[in-house]
Undergrad: 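The structure is given below, and queries will be raised subsequently.
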Amino acid sequence: MPTAESPPFAPITPRQRQAVLVGMVCGASLASIDQMVLATAVGTIAGELGELHQAPWIFTANLLASASSMPIWGKLGDLYGRRRVFQTAIVLFIAASLLAAQSQSMTTLLVCRALQGLGGGALLTMPYGILADVVPPRDRPAYAALVTVVWTVAGLLGPPLGGLIADGPGWRFMFYLNVPAALVSFGLLQWGYRIPVRRLEHRVDFPGAALLFSAVGSLILYTSWAGESLGWASPAALALLATSGLLALAFVRWEQRAAEPIVEISLFRSRAVWAPLLTTFLYGLGNFAITFMIPLFGLVVRGTSAVEAGLGLMPLTSGLLVSSIVAGRIASATQRFRRFAMGGLCIYGLGIALLATAGPETSRLQLWLYTLLLGLGSGPLNPTLISSLQNAVDPRHLGVASALPGFSRTVAQSIGSSALGTLLALRFAHHLSADVSPAAAGGVALDGLAGSPEAIRALAEPLHSLVVGAYASAFSETIIAMFVLVVLTLAAAWFMVDPHDRPAASAGEPAASAPPKGSTARAASVSLQP
């Protein structure tokens, strides 16, 4: 039997399990709520520090470090024990938060945001590995829904909370807000997370970590800059894309030869592994863009206020919250992960198809129904995909396997939101030129309308109706592109393998748990995780 840093499930007392779960949720909330709270104060922060043009980097620096480090944290958890590594990430995140609160320049703040992202990469992905340590395999989908609940609550409470803090004690207090949850998380994990650990002799794959970090960083820089600053096909943008591709190839080649690789490449030969990962990636390409497209539709097409436009996402988050919990529980009972993932995608696809028909005459109730379907369809995906992947790998790869879906989703969201945002802008510009320009007076400037719902609202009739119609057409065409992504995601989910079916479905495939070539890891002793 292959050696592992920790067993796939370590029995602990119910009180210990409750303490670990609460500590895990508090830790995960640090990174998720931090992002949403800051969303409403970016302009205020950049304006006070005197470098408004660098405002997007407040998020980009965090995203670069977070996405690039996710598989690395997973591997470190496999090697050193997940509790120790998760607590290290908490300390790093809080130290960076306290330094960020004292920042007097944008450069200092961006460095702190990158360090926050580095710790956040663990806080967002390692909870799934922690669940695998303390929860029996059959029950994991139900408990994995807890992390989805954290994201949902962050999306609901983060922006208004950020607005209140920015208008009250000031944006620096946002970073102090992380400290209480961090202390609770650290203490509960210290007390409750006591599981047997097999000590391994190992070597950390520093070259592989550097190649992975650089490849993902180059790709995120491409998606962040290409659409706005550089242009998708500019020489500088293409150089970033080519650099990312070359570094990714170098990473794969290196990992195939490394004695203790960050990511065991042979895992991806198993259908039980690549199918849920591909499903996660394809779903991530399209789903994040919904969070800015629906409010924009409300502002531009329906002419609602910013508050009402934001409330348009409430049915989505409510549906996601309910369906993730319900589907997680039923999937735990039935162990039919593939069925629930595909069912959720079908509901999500129905919501997308209906949303593509939306226009100026669509009522608020209809839009809420469409977005509710999106939430109900999204909810089952995360717990079933994570549980399917965890059941497919050997325990010594559990940390990396648990981190890969979050890594895949984050990279996909970065690519998809940039690409779909660009598609929306291009189609809107096309319809302005083809449908609106012939009817517009010579003194009306149409070029600045794409980024200004207020300017569109101020237009007189009939020009206002023409511009709104142009935006509605562009919105529908972008949603159709998202529907194509949903169909591809559904096709990928069809290849998923349930635990009941794995022996038959995996016939002829390489074992996901095969030890790496040249591995130097060997068990030395067994003790409680210190």
Side-chain angles (χ1 to χ4, degrees), residues 141 144-145 147-149 151-152 155-156 275-298 312-331 336-358 362 365-389 405-406 408-410 412-413 415-417 419-421 423-424 475-496:
V147 184
T148 305
V149 170
W151 294 342
T152 306
L156 286 172
L277 282 178
L278 181 60
T279 302
T280 301
F281 181 81
L282 291 172
Y283 172 71
L285 284 175
N287 80 305
F288 191 71
I290 284 292
T291 60
F292 67 81
M293 290 184 64
I294 291 178
L296 275 177
F297 181 87
L313 291 174
M314 287 286 290
L316 187 152
T317 53
S318 301
L320 190 152
L321 181 64
V322 172
S323 65
S324 64
I325 295 172
V326 173
R329 288 182 177 275
I330 300 176
R336 296 297 181 185
F337 306 141
R338 174 174 171 267
R339 178 182 302 171
F340 280 93
M342 294 187 69
L345 285 168
C346 288
I347 297 173
Y348 187 85
L350 176 60
I352 287 288
L354 291 171
L355 196 61
T357 67
T362 305
L365 185 59
Q366 285 177 295
L367 280 176
W368 282 6
L369 174 61
Y370 302 164
T371 54
L372 176 63
L373 288 173
L374 296 179
L376 292 174
S378 300
L381 295 177
N382 191 59
T384 54
L385 292 172
I386 288 286
S387 300
S388 176
L389 191 56
S408 176
R409 181 176 55 250
T410 301
Q413 287 175 345
I415 298 171
S417 58
L420 290 170
L423 176 62
L424 177 64
F475 177 85
S476 295
E477 290 162 0
T478 307
I479 293 295
I480 289 171
M482 294 178 64
F483 182 79
V484 173
L485 289 174
V486 174
V487 173
L488 294 175
T489 308
L490 190 61
W494 187 84
F495 289 95
M496 288 174 59

Undergrad: With Q413, which residues qualify under side chain to side chain donor-acceptor pair (under 3.5 Å), at least two apart?
TA: none
Undergrad: Rounded at 0.5 Å granularity, tell me how far CG in L424 sits from OG1 in T478.
TA: 4.5 Å
Undergrad: Test of understanding: with side-chain contact (heavy atoms from CB on, under 4.5 Å), list the residues that count as partners of L277, not counting sequence neighbours.
TA: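 Counting only residues at least two positions away or on another chain, L277 forms a side-chain contact (heavy atoms from CB on, under 4.5 Å) with F268, V273, L389, L404, P405.
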Undergrad: Pairs in or reaching into residues 337-358: which pass side chain to side chain donor-acceptor pair (under 3.5 Å), with residues at least two apart or in two chains?
TA: none
Undergrad: Can you list every side chain to side chain donor-acceptor pair (under 3.5 Å) pair that touches residues 317-331, not counting sequence neighbours?
TA: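 Sorted result for residues 317-331: empty, none.
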Undergrad: Partners of F340 by ring pair (Phe, Tyr, Trp, His ring centres under 6.0 Å), sequence neighbours excluded?
TA: none
Undergrad: For L372, give me all partners under side-chain contact (heavy atoms from CB on, under 4.5 Å), at least two apart in sequence or on another chain.
TA: P315, L376
Undergrad: Quick check: do I294 and L355 have side-chain heavy atoms less than 4.5 Å from each other?
TA: yes
Undergrad: Between atom CZ of R409 and atom CG of L385, what is the distance when rounded to the nearest 0.5 Å?
TA: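 Here the interatomic distance stands at 9.0 Å.
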Undergrad: Checking S388 side chain against T384 main chain: does a donor-acceptor pair fall under 3.5 Å?
TA: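 Absent.
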Undergrad: Who pairs with I415 by side-chain contact (heavy atoms from CB on, under 4.5 Å), at least two apart in sequence or on another chain?
TA: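 L219, T223, F281, L285, V411.
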Undergrad: Side-chain polar contacts of residues 486-496 - donor-acceptor pairs under 3.5 angstrom, sequence neighbours left out - could you list them?
TA:
| from | atom 1 | to | atom 2 | distance (Å) |
| --- | --- | --- | --- | --- |
| T489 | OG1 | Y283 | N | 3.4 |
| T489 | OG1 | L485 | O | 2.7 |

Undergrad: Hey, are the side chains of I352 and I290 touching, using non-hydrogen atoms and a 4.5 Å cut-off?
TA: yes
Undergrad: Do I479 and M293 have side chains that get closer than 4.5 Å, going by heavy atoms?
TA: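 Side-chain contact under 4.5 Å: yes.
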Undergrad: Taking only residues two or more places apart in sequence, or in another chain, which ones meet V326 in a side-chain contact (heavy atoms from CB on, under 4.5 Å)?
TA: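 Expected list: V322, I330.
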Undergrad: Got V147 and I386 here, is their nearest side-chain heavy-atom distance under 4.5 Å?
TA: no
Undergrad: What distance separates L316 CG from L374 CG, expressed to the nearest 0.5 Å?
TA: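 Going from the CG atom of L316 to the CG atom of L374 covers 5.5 Å.
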